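Side chains are part of it too, since the values below use all heavy atoms of this structure and drop only hydrogens, waters and symmetry mates. Small disclaimer: the values here were computed from a predicted structure and weren't measured.
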Amino acid sequence: MTNKEIKALRRPFVKKLFRNNKLNLAMTVISAMLGALTALVTSWLIKEITDLISGDCPYGLKTLLIIAAGALGLPAIGWILDRRFLSEFRAKSIRQYREYVFSRLMEKGIQSFSSEGSALYLSALSSDINTIEKEFIGQLQNAIQVGLSFVGALVLMLWCSPLLTLIAVGFSLLPIIVTVVLGNSGARAEKVVSDMKENYTGILKDALTGFSVIKSFKAEKSIAALHEGTNSVVADAAKKRTRVDVSVVYASGIAGGLLQLGVFFVAAAMALSGKGITAGTAIVFVQLLNYVLAPIQVFPAFYAGTKASFKLIDKLAQALNKNVPDDVEKIAPYLNEGISVKNLGFAYEEEKPVLRDVSLDLRAGGCYALVGASGSGKSTLLNLLMSSSKNYRGEIFYDGKELKAVSTDSLYDLVSIIQQNVFVFNSTIRDNITMFSQFPEEEIERAVSLSGLKKLIDEKGENYFCGENGSGLSGGERQRISIARALLRKTPVLFVDEATASLDAKTSFEVLDAILKLDGYTRVIVTHDLDENVLSRYTEIFALKNGEVSERGTFEELMNQKGYFYSLFTVSQR
């Protein structure tokens, strides 16, 4: 990707830092101007007071005292402005940036997000955004004030002595070169630290999510070693970045010292040779050089921090721009004909196919079962019907429209899925059922009743907090919430992936019975529950074996064939 393309991706992210924030920024700039003006007036006063002592000042002591008194009021105004507007500017910038990043993240497709993992975005919305706030937004006002002081100091120096000013500018070339070279090194070092932190976040997330697995398999030492290795890499990257930062500080200091001493010796030589340099001018040049030096000390850090921040923004912008679903065509939120699968093939890894030439015809309003041994491809097939991946061979049609050309956003208005692994938010039961949306009360009650949640709500109340990832609920209760969610959406197509696996036999039958009774829905159910009372009610059953449809037909037809399905059913009854 070219630099021009990267900048184009970065632009909307940077704009969000300043959007609807112009008044706060303007007041922040005015405060910086007042600070710069205070510094310059103070320097001028030092010159005039020194010349007053030596008899070269055109102003009287009273005049200088009045000007000094006025200058002291400028910082008070700046303090009032900063207290009101600077805090608002910084807080609003980061809030808007976070909201924009999160909204862009929500636009990504399931497939692209799953392939990337969450560590990149966890890092972007935590440590990376802290860097942006500290190194870019947090240093912006100071950089503006330093820049204004620099310009004002040059003007004042030119007014005092153009020749000495030109000499000072010549001495300034060395610090400028140091700034540019070391600023680039700092940006690269910060990018490496961010990448290593992203890896560390991924390891940490896995360790916390899989805590129970780690403990049950006694893998604490192995995981601790993995954590230690990743943590060491982060520490090494941070150490290298600190070395670069130290180099920036010392190199800038040395270069600044050469500038200051060089100009001071030249000013002294000019004063001694009678070149029109007064004692006050020599002293004010020393004072003003502090403001000439300030950018050399501040800008390398600000430049490096800005470049590092932009690198982090660029990395995030490219990730968010990648694999965003293309809204090629929107599909209607209803199913007239049905779903057709033609010669479908899919593999997570090359040379290891999960599905092989699968063909299905699922008529609208029908109820279909996918059965088979573990690893036969049932869940993968269901996920592909949900557009989890576009990297399949063959074709999937919804009412004659190929899924690869369909907007996933519109697909989710047509299809809902009830999965075995349920995510429950740390909020109330009601919020988890409604997914924080508004529904008529009678529809919520219907979903609660059909999913078997009524007893739980009667006991704990709909405002009961479920805990992190549903830690306050049993597996069966979490599953019922997932079922209620799907029933509440009332999408015409309902996919069910082992949804009753965590339920007891009685509740499992009740839930499946409720799903089978849903008139007007097209239902595709992956199930391990081979209950004759349920199986006999499916429109058609597809038995998958080694990624292929081994048999298809009604329960009675498959039992009469005495083939693969017959074996599965017979074994399940023992």
Contact summary for [X] and [Y], nearest pair of heavy atoms:
{"X": "A484", "Y": "L453", "result": "CB-CD1, 3.8 Å"}
{"X": "D413", "Y": "R489", "result": "CA-NH2, 4.0 Å"}
{"X": "G461", "Y": "I429", "result": "O-CD1, 3.7 Å"}
{"X": "L488", "Y": "I433", "result": "CD2-O, 3.9 Å"}
{"X": "F425", "Y": "N432", "result": "N-OD1, 2.7 Å"}
{"X": "S309", "Y": "T131", "result": "OG-O, 3.9 Å"}

When rounded to the nearest 0.5 angstrom, what distance separates [atom1] in [X] from [atom2] in [Y]?
{"X": "I30", "Y": "Q141", "atom1": "CD1", "atom2": "CD", "answer": "11.5 Å"}
{"X": "L65", "Y": "L61", "atom1": "CG", "atom2": "CG", "answer": "4.5 Å"}
{"X": "I132", "Y": "L312", "atom1": "CD1", "atom2": "CG", "answer": "5.5 Å"}
{"X": "L288", "Y": "L40", "atom1": "CG", "atom2": "CG", "answer": "7.0 Å"}
{"X": "T42", "Y": "Y291", "atom1": "OG1", "atom2": "OH", "answer": "6.0 Å"}
{"X": "I94", "Y": "F136", "atom1": "CD1", "atom2": "CZ", "answer": "9.5 Å"}

**Request:** Evaluate the criterion side-chain contact (heavy atoms from CB on, under 4.5 Å) for residue pair I331 and S407; output intermediate values, then yes/no.
**Result:** CA-CA 7 Å; I331 195 170; S407 157; over 6 Å; no
For [X], does the [atom1] atom sit with more than 12 other heavy atoms under 6.0 Å from it, leaving out its own atoms?
{"X": "M27", "atom1": "CE", "answer": "yes"}
{"X": "F436", "atom1": "CZ", "answer": "yes"}
{"X": "R95", "atom1": "CZ", "answer": "yes"}

**Item:** Ion pair R430/E441, N-O distance below 4.0 Å
**Value:** yes
Side chains of [X] and [Y], heavy atoms from C-beta outward: is any pair under 4.5 Å?
{"X": "F302", "Y": "N142", "result": "no"}
{"X": "L81", "Y": "T28", "result": "no"}
{"X": "I481", "Y": "R485", "result": "yes"}
{"X": "Y200", "Y": "H227", "result": "yes"}
{"X": "L25", "Y": "L140", "result": "yes"}
{"X": "E462", "Y": "T428", "result": "no"}
{"X": "N24", "Y": "K92", "result": "yes"}
{"X": "L64", "Y": "L45", "result": "yes"}

**Request:** Could you check V101 against I129 for side-chain contact (heavy atoms from CB on, under 4.5 Å), going step by step and ending with a plain yes or no?
**Result:** CA-CA 10 Å; V101 170; I129 207 170; over 6 Å; no
**Item:** Audit row: K315, D195, salt bridge (Lys or Arg N to Asp or Glu O under 4.0 Å) steps and yes/no
**Value:** CA-CA 10 Å; K315 181 176 73 170; D195 291 341; 3.2 Å; yes
**Request:** Just do the side-chain contact (heavy atoms from CB on, under 4.5 Å) check on F89 and L23 with the steps written out, would you?
**Result:** CA-CA 9 Å; F89 169 68; L23 175 62; over 6 Å; no
**Complete:** With sequence neighbours left out, the residues meeting side chain to side chain contact (heavy atoms under 4.5 Å, CB included) with K134 are none
**Request:** Show your working on side-chain contact (heavy atoms from CB on, under 4.5 Å) between L9 and L320 and close with a plain yes or no.
**Result:** CA-CA 10 Å; L9 290 177; L320 288 172; over 6 Å; no
Report yes or no: does [X] contribute a side-chain atom to a donor-acceptor pair with the main-chain N or O of [Y] at less than 3.5 Å?
{"X": "E5", "Y": "T2", "value": "yes"}
{"X": "S103", "Y": "Y100", "value": "yes"}
{"X": "R478", "Y": "V424", "value": "no"}

**Message:** What I want to check is whether the side chains of Q96 and N20 have a donor and an acceptor closer together than 3.5 Å.
**Reply:**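 There is no such pair (donor and acceptor under 3.5 Å, judged by atom type) between the side chains of Q96 and N20.
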**Prompt:** Using a distance-only test with no angle check, is there a side-chain donor-acceptor pair under 3.5 angstrom linking T230 and N199?
**Reply:** no
In residues 149-164, what donor-acceptor pairs under 3.5 Å come from side-chain atoms, sequence neighbours left out?
{"unit_1": "S149", "atom_1": "OG", "unit_2": "Q145", "atom_2": "O", "d": "2.9"}
{"unit_1": "S161", "atom_1": "OG", "unit_2": "L164", "atom_2": "N", "d": "3.3"}

